[in-house]
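Values below: all heavy atoms of this structure, side chains included; hydrogens, waters and symmetry mates excluded. Since the model is a prediction, treat every value here as computed from it, not as a measurement. A, B, ... follow the sequence lines: proteins, then strands. Residue 1 opens every chain.
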Number of protein chains: 2
Amino acid sequence: MDAAANPTDLIAEMGRRARAAALVLASLPTARKAAALALAAESVRAASAEILAANAVDMARATESGLSGALLDRLRLDSGRIAAMADGVAAVAALADPVGQVIDSRDRPNGLKLSRVRVPIGVIGIIYESRPNVTADAAALCVMAGNAAILRGGSEAVGSNRAIHAALVAGLEAGGVPADAVQLVPITDRAAVGAMLAADGVIDLIIPRGGKSLVARVQAEARVPVLAHLDGINHVYVDASADPAMAAAVVVDAKMRRTGVCGSMETLLIHRAYPDAAALIRRLADAGCMVRGDAAARALAPDIAVADTADWDTEYLDAIASVAIVDDLDAAVAHIAGHGSHHTDAIIAEDAAVAEHFLTAVDSAIVLWNASTQFADGGEFGLGAEIGIATGRLHARGPVALEGLTTYKWIGRGTGQVRG
Amino acid sequence: MDAAANPTDLIAEMGRRARAAALVLASLPTARKAAALALAAESVRAASAEILAANAVDMARATESGLSGALLDRLRLDSGRIAAMADGVAAVAALADPVGQVIDSRDRPNGLKLSRVRVPIGVIGIIYESRPNVTADAAALCVMAGNAAILRGGSEAVGSNRAIHAALVAGLEAGGVPADAVQLVPITDRAAVGAMLAADGVIDLIIPRGGKSLVARVQAEARVPVLAHLDGINHVYVDASADPAMAAAVVVDAKMRRTGVCGSMETLLIHRAYPDAAALIRRLADAGCMVRGDAAARALAPDIAVADTADWDTEYLDAIASVAIVDDLDAAVAHIAGHGSHHTDAIIAEDAAVAEHFLTAVDSAIVLWNASTQFADGGEFGLGAEIGIATGRLHARGPVALEGLTTYKWIGRGTGQVRG
């Protein structure tokens, strides 16, 4: 660990090298990038023993320092996980390349031919925690979209990340991608994160991958644009017109399929006139969910717990859900506007007009009709892989994949036009 | 002036009302927005006398306080300028509405039908200086794209802005747009700007309209995303293959058509092998431009001034240009990468391969081949009107018009899909 380096100077110097590499990457043809990523995937596979050895050292230190079981599981690599990581890199190489895509073109009356063309963003900083596979996943997505990546992983995974990074870069270089296209920040203290967040003009975009405290710090401190989501307080609204079997299946899936993912339902809203509300709440409880209801919900299902005001603003990330009975569609929309996190919200309804109103009125990155909120995922959306889900309003919303890692430029081709 | 209000509380309260208005605006059909803007244009025309009276008071106070002639001219309204302002509002009403546009759609193998649909951003803050017409221009663009606007104009134009704002809102309300869709910050001290810049989650986007010191402050302090450009250090590179008559016409236009606009050329780069370099430099000087050259340029045109190192990084916004002789295309690209501001850069060349390399390698919002940098303008690009030009990399680059004032949401329509 090059702890002697001043973090600001270090990031500035890494950024200069990343910018130079990004300029090379920006004009590499798709086939060259894909071939280099295929070599990187192969190189990760070939370095399995080194990566496992480094991971064993990280695991031993983490165990000694009392890291929790869940965090240890995130840190742990085995040959299956390394193979999956390599497969992930190879899969990114097969995705459609957004760079060079013409978004629109217009011929002006003066003969100037204008087009908007997708180009890479430039230098992307990824700040992540204990999962070492992010090193490979994030690097692959950045490179395929023509960007240089500056990676800052968690201190507990330092050896694993270095081994994965070394393997990746060896493969990329063999494929003609500059080594500086993927750089790992060599210091793992918090000052390195601060220097990245302050590196306006050096790093073009920061993507945090990790828990809420990391994302909150990044959003609070960053001078560089950030794509992220802080919360996934997602709602399923069951309309009076909902099909009961569908409502039960979707609600149970939305909450219980995986309770720890950002797309899981946290609050169930039920129309006052929905006839099967009591059975729906019971289905959720029977599936193992702790249900907390408002007074109207408890009147229907007296054995559920009491939801207090904090419940409506809580992302449980656990087998817990809050349930409210609402007067109508507008009340559901208002509840979501007041308590949601602009992530993913769904309506279950047979009435198409009601559903379309919901889809328009709910201001979230993803709005779904008759489908589970657990679909909030780049892979499920057919984007191939995602670098994260964004709940901000600018640049990219929802699952962010290759296209979200690009921007555009205006290109004008003329024959000597002057404005005169 | 409601100077008693705490600026943070004031902006929070304006933001709450703006958010509510934005939710109404987001689902207004195009025809309703257009009709309301047409009424707003009519209302501004009808309020001409009141606006002129308010402007006369602003002008008298500004003259007394010693405002410069250029600033007084920006502040001054007459019946022609008011008519032009009203025409501008009416013209925005005629633009294509981006809201509701389907960006892409994909049917998933499980039957889920996904689409990405353009939606308004939400609440946009506009911070501007002495030109009162920005009150109308910015409000019209925000409303047409379905956004609420919080406008903070310069203190010297306070009366003019209030009169224009009152007229606009009267017209919009008559057309069914909530009055809170366009709000004017009632206090004009700097604290109001600070409160807007800090209003993360209240204001979704800030667009500064004004001089460099305003933009620099906004970029330095904002916690809210900003679309802006700080500098327009634009280059014209004349390749060895350039047509001399075209090169001279474009270079003179790029620099001299209007020297004070952000799209004007500041630095001319000439390939060492371009045969007509001396004549080109003379043409620029003969057009009234003060030329500052490097040693090689001065060897060709000994009577020009010496460019020092600061010249390459200077936006003159005046009849001054720096000229450097470069060894080749790569040197031109490297010069632009080192000194440019990612705004607008042009190449003059007959060699298409050289030109295409330039268009790819130069990392600017706008890159032009055989055309003047003075085309950097939303109107010239066929966008109808622009709210500004952005040189950042995220969300929107180059001229920002209606589309740049929107974002998108993912809409998924299913038949009960669960992730399982």
Are any non-hydrogen side-chain atoms of [X] and [Y] less than 4.5 angstrom apart?
X: B:L394; Y: A:I121; result: yes
X: B:F375; Y: A:N110; result: yes
X: B:V367; Y: A:K409; result: yes
X: A:D200; Y: B:Q219; result: no
X: B:R106; Y: A:L383; result: yes

Residue [X] versus chain B: region with a heavy atom under 4.5 Å:
X: A:R258; value: neither
X: A:L359; value: both
X: A:A396; value: both

Contacts of residues 17-25 of chain A with chain B (heavy atom under 4.5 Å):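 The residues closer than 4.5 Å to chain B, in numerical order, are A:R19, A:L23.
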Heavy-atom cut-off 4.5 Å, strictly under: side chain, backbone, both or neither for B:I366 against chain A?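 The answer is both parts of B:I366.
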(Q) Using heavy-atom distances under 4.5 Å, tell me whether B:D377 contacts chain A through its side chain, its backbone, both, or neither. (A)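 Answer is side chain: those atoms of B:D377 sit under 4.5 Å from chain A.
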inquiry  = Which residues in residues 412-420 of chain B have any heavy atom closer than 4.5 Å to a heavy atom of chain A?
reply    =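 Result: B:G412, B:R413, B:G414, B:T415, B:G416, B:Q417, B:V418, B:R419, B:G420.
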- Message: Quick check against the 3.5 Å criterion: does B:R393 have a side-chain atom that pairs as donor or acceptor with the backbone of A:T406?
- Response: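 It does not hold such a pair.
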